[in-house]
Asker: 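Let me give you the structure first, and then I'll get to my questions.
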Amino acid sequence: MSKIIIVGGVAGGASAAARLRRLDEHAEIILFERGEHISFANCGLPYYIGGEIKDKAALTVQTPQSFRARFNVDVRVYSEVTAIDRAAKNVSVRSRKTGKTYTESYDKLILSPGAEPIRPNIEGADSDKVFPLRTIPDTLKIKAYIETNRPKSAAVIGGGYIGVEMAENLHTAGLQVTLIEMQDQIIAPLDYDMACDVHRYLERKGVRLILENGVQSIADSGDTLTVTLNDGKLQADMLIMAIGVRPESSLAKASGLAVSERGSIVVSEQMQTSDPDIFAVGDAVEVTDFVTGQKGFVPLAGPANKQGRIAADVICGLNSRYTGTQGSAILKVFDMTAATTGINEKTAKRLGLDYEKSFIYSMSHASYYPGATSMLIKTIFAPSTGKILGAQIVGFEGADKRCDVFATAIRAGMTAFDLTRLELCYAPPYSSAKDPVNMAGYVIENILTGKVKTFYWHDVETLPLDELRSRTGELDQTKPIYATCQSGLRSYIAARILMQRGFEVYNLSGGYRLYRSVVGP
């Protein structure tokens with residue numbers, strides 16, 4: 001009978017334990033968790049604070065008792081594994097309740113320590129009005145502070161998934177919220193042009209957004225916090241630290257296992273570390289990007305669950321392999337959805353890949369059926385083959401399922417031509433006869449076959465108004481021309497140039513700015 005020890009629960013460790021038991025009814029399985037909860041909904045934590053999830057028990061997927069009863073796993077909470085003796089094949093365990101230490105032997109060991117919040121060295125960050133958010137105790141502490149102290153305002157540092165979710169949920173809880181981000185955009189997996197829609201939407205919802213600005217210090221006056229930025233100051237009654245996470249790999253490092261420069265535990269396709277009897281899964285491990293083959297750090301629940309299952313398979317003699325992470329992720333921002341899969345343009349540029357891109361606005365369902373909303377889809381593809389490399393969608397209804405289709409297409413190695421052939425479900429309340437994914441394929445097909453040439457938003461500022469006089473021969477003088485720009489000024493100059501050369505030209509009075517103000521985005 002084999003003996004398997006698992007260090008850490010939640011997504012990776014708990015899924016490994018459950019899969020091990022399903023494959024081997026006789027194995028001895030011990031799961032150590034240094035906290036109270038072995039399997040909880042990390043991604044649901046902000047929504048408990050905002051009141052969307054009302055029962056805190058709903059955050060706990062499995063209790064130690066239910067897990068033990070269902071899977072016959074020896075669950076030991078408040079038990080921290082402090083050392084691994086690889087030669088003797090045992091671990092040292094310290095009880096966080098009694099302080100006593102003991103050893104436990106293993107045949108196979110699975111590490112699932114997860115990731116830890118980045119805690120920057122900011123003066124004043126130790127105030128009891130400053131909170132991280134990673135665990136259920138963190139969540140309960142924030143919730144209790146809001147209910148007890150009734151703060152009126154909050155600052156959130158960090159514009160990643162947790163930061164944006166916290167901004168929404170604190171706003172929903174009745175606080176005035178300021179979201180602070182060092183970069184020029186929030187939600188880093190999105191490209192800047194896609195994040196801009198989210199920026200405007202957040203601000204319309206009443207969330208103040210401060211970009212390209214960092215926090216220097218925090219001063220607690222007793223009644224409120226004064227947050228000093230690189231540029232400026234602000235007041236807030238409480239502050240959430242959501243700067244990001246890093247792999248929790250200290251135990252692996254101390255035991256001499258191979259780790260990457262970033263600190264992620266290096267594993268094989270079968271989730272084995274540099275020690276063949278030790279496996280590692282979840283947020284702490286280094287992954288391979290499915291699209292580019294590059295090594296990286298992508299802390300997501302879906303990959304962690306799959307990796308836990310694969311480690312269990314391999315321990316039980318199955319030839320399972322992890323084939324890479326493509327970074328499929330989605331975020332709710334009030335009623336808006338931001339979803340992404342595969343690589344973004346930033347990554348393509350950084351790696352020097354040969355790529356092209358397309359943007360389309362498409363309706364969520366048939367425009368004549370009530371409630372249709374527009375979604376913006378950006379697709380990254382290979383110009384030589386049309387192979388889909390990445391997709392980003394910002395919209396409302398239906399953005400999630402379209403991104404899932406793109407995620408499937410990337411995993412299957414499909415091209416834009418394949419997208420045009422997909423037979424997706426259609427009825428007026430759900431889609432159009434040509435689904436937005438089909439439309440993305442058609443647009444790319446037109447680009448690849450030379451039926452249309454495109455230019456992009458970032459080209460507009462350098463468009464050659466000053467070259468217009470020398471290029472009027474490229475225009476059809478038999479057709480009217482409608483000119484527009486942001487304010488109406490540059491288009492007026494263009495209109496005057498063309499009208500004096502015999503063209504019939506109409507300039508949009510007030511420009512696009514007035515049109516957008518009246519009609520809406």
Side-chain angles (χ1 to χ4, degrees), residues 11 15 43 160-161 187-191 194-195 197-198 269 282-283 287-294 296-310 321-333 336-348 351 353 355-360 362 364 375-382 385-426 430-431 434-445:
S15 67
C43 302
Y161 290 111
I187 316 173
L190 292 179
D191 287 319
M194 299 297 287
D197 259 7
V198 188
E269 289 181 331
D283 292 353
V287 297
T288 300
D289 187 290
F290 178 79
V291 176
T292 67
Q294 299 286 312
F297 170 62
V298 184
L300 292 170
N305 273 282
K306 294 175 180 65
Q307 292 161 7
R309 180 185 176 94
I310 288 166
R321 296 180 181 275
Y322 188 68
T323 56
T325 298
Q326 64 191 72
S328 299
I330 192 164
L331 176 68
K332 174 184 176 294
V333 189
M336 179 178 268
T337 297
T340 179
T341 185
I343 63 167
N344 55 27
E345 186 176 4
K346 288 178 288 192
T347 299
L351 296 178
L353 303 182
Y355 77 96
E356 188 53 273
K357 61 190 175 187
S358 74
F359 298 87
I360 66 165
S362 193
S364 57
M375 68 181 75
L376 173 60
I377 301 177
K378 179 177 184 177
T379 313
I380 309 296
F381 60 94
T385 62
K387 185 178 180 180
I388 305 301
L389 306 177
Q392 300 160 56
I393 304 179
V394 174
F396 296 88
E397 172 199 316
D400 54 342
K401 70 175 181 178
R402 272 56 183 237
C403 198
D404 282 341
V405 175
F406 276 108
T408 305
I410 291 170
R411 184 63 62 163
M414 295 171 70
T415 69
F417 304 101
D418 295 319
L419 296 186
T420 68
R421 303 181 190 113
L422 290 178
E423 187 176 334
L424 302 173
C425 294
Y426 161 62
Y430 300 102
S431 185
K434 292 179 180 176
D435 187 85
V437 176
N438 297 137
M439 292 305 299
Y442 287 130
V443 168
I444 297 171
E445 179 184 58

Asker: Provide the closest heavy-atom pair for Val291 versus Gly342 in the form atom of the first, atom of the second, distance.
Answerer: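 Looking at all heavy atoms of both residues, the shortest contact is CG2-CA, 4.1 Å.
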Asker: Identify the two heavy atoms, one from Asn305 and one from Ser15, that lie closest to each other, and give their separation to 0.1 Å.
Answerer: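 Smallest heavy-atom distance, with atoms named: O-OG, 3.2 Å.
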Asker: Rounded at 0.5 Å granularity, tell me how far CG in Leu331 sits from CG in Leu190.
Answerer: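 Taking CG in Leu331 and CG in Leu190, the distance rounds to 8.0 Å.
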Asker: Looking at side-chain heavy atoms only, is the closest gap between Leu353 and Ile343 below 4.5 Å?
Answerer: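 Side-chain contact under 4.5 Å: yes.
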Asker: So how far is it from Phe406 CZ to Gln392 CD, rounded to the nearest 0.5 Å?
Answerer: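 The CZ atom of Phe406 sits 11.0 Å away from the CD atom of Gln392.
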Asker: Grab the two heavy atoms, one from Tyr430 and one from Lys401, that are nearest each other, plus how far apart they are.
Answerer: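 Closest approach of Tyr430 to Lys401: O-NZ, 3.4 Å.
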Asker: Quick check: closest heavy atoms across Ser358 and Val443, and the distance to 0.1 Å?
Answerer: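 Closest approach of Ser358 to Val443: CB-CG1, 4.2 Å.
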Asker: Enter the distance from Thr408:OG1 to Gln326:CD here, rounded to the nearest 0.5 Å.
Answerer: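 Between Thr408 OG1 and Gln326 CD, I get 8.0 Å after rounding to 0.5 Å.
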Asker: Between Gly293 and Thr288, what is the shortest heavy-atom contact and its length?
Answerer: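 It is O-CG2, 3.6 Å.
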Asker: Determine yes or no for a side-chain-to-main-chain donor-acceptor pair under 3.5 angstrom, with Gln307 supplying the side chain and Gly282 the backbone.
Answerer: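 Looks like yes, one N/O pair under 3.5 Å.
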Asker: Rounded at 0.5 Å granularity, tell me how far CD1 in Ile388 sits from CZ in Phe381.
Answerer: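 One gets 7.5 Å once the value is rounded to the nearest 0.5 Å.
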Asker: For atom NZ of Lys387, decide whether the heavy atoms of other residues, nucleotides or ligands shown that lie under 6.0 angstrom number more than 12.
Answerer: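 No - once you tally the heavy atoms of other residues, nucleotides and ligands closer than 6.0 Å, there are 12 at most.
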Asker: As an exercise, state the distance from NZ of Lys306 to CG of Leu300, rounded to the nearest 0.5 Å.
Answerer: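 Spacing of NZ (Lys306) from CG (Leu300) equals 9.5 Å.
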Asker: Could you go through residues 412-422 and list every donor-acceptor pair under 3.5 Å that involves a side-chain atom there, pairing it with any protein atom two or more places apart or in another chain?
Answerer:
from   : atom 1 : to     : atom 2 : distance (Å)
Thr415 : OG1    : Phe417 : N      : 3.2
Thr415 : OG1    : Asp418 : N      : 3.3
Thr415 : OG1    : Asp418 : OD2    : 3.3
Asp418 : OD1    : Arg421 : NH1    : 3.1
Asp418 : OD2    : Thr415 : N      : 2.8
Thr420 : OG1    : Phe417 : O      : 2.6

Asker: Ser431 and Arg402: side chain to side chain donor-acceptor pair (under 3.5 Å), yes or no, with the steps?
Answerer: CA-CA 10 Å; Ser431 185; Arg402 272 56 183 237; 3.2 Å; yes
Asker: For a side chain to side chain donor-acceptor pair (under 3.5 Å) check, start with the C-alpha distance between Arg411 and Thr323, then their side-chain angles and the critical distance, and finish with the verdict.
Answerer: CA-CA 10 Å; Arg411 184 63 62 163; Thr323 56; 2.9 Å; yes
Asker: Taking the side chain as every heavy atom from C-beta outward, state whether Pro303 and Val298 have any atom pair closer than 4.5 Å.
Answerer: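 A side-chain contact is absent here, since even the closest heavy-atom pair is not under 4.5 Å.
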Asker: Using the salt bridge (charged side-chain N to carboxylate O under 4.0 Å, His left out) rule, collect all pairs that involve residues 322-332, keeping only residues at least two apart or in two chains.
Answerer: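 Those involving residues 322-332 are Glu168-Lys332.
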Asker: Heavy atoms only: give me the nearest Leu376-Met194 pair and the separation to one decimal.
Answerer: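 In terms of heavy atoms, the two residues are closest at O-CE, 3.4 Å.
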Asker: Is any side-chain heavy atom of Ile380 closer than 4.5 Å to a side-chain heavy atom of Asn344?
Answerer: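 A side-chain contact is absent here, since even the closest heavy-atom pair is not under 4.5 Å.
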Asker: Ignoring hydrogens and geometry, is there a side-chain-to-backbone donor-acceptor pair from Asp191 to Lys346 under 3.5 Å?
Answerer: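 Yes, Asp191 side chain to Lys346 backbone: donor-acceptor pair under 3.5 Å.
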Asker: Go through the steps to decide whether Thr340 and Ile187 satisfy the test side-chain contact (heavy atoms from CB on, under 4.5 Å), and finish with yes or no.
Answerer: CA-CA 10 Å; Thr340 179; Ile187 316 173; over 6 Å; no
Asker: To the closest 0.5 Å, what do you measure between OH (Tyr161) and CD1 (Ile330)?
Answerer: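 Result: 9.0 Å between the selected atoms.
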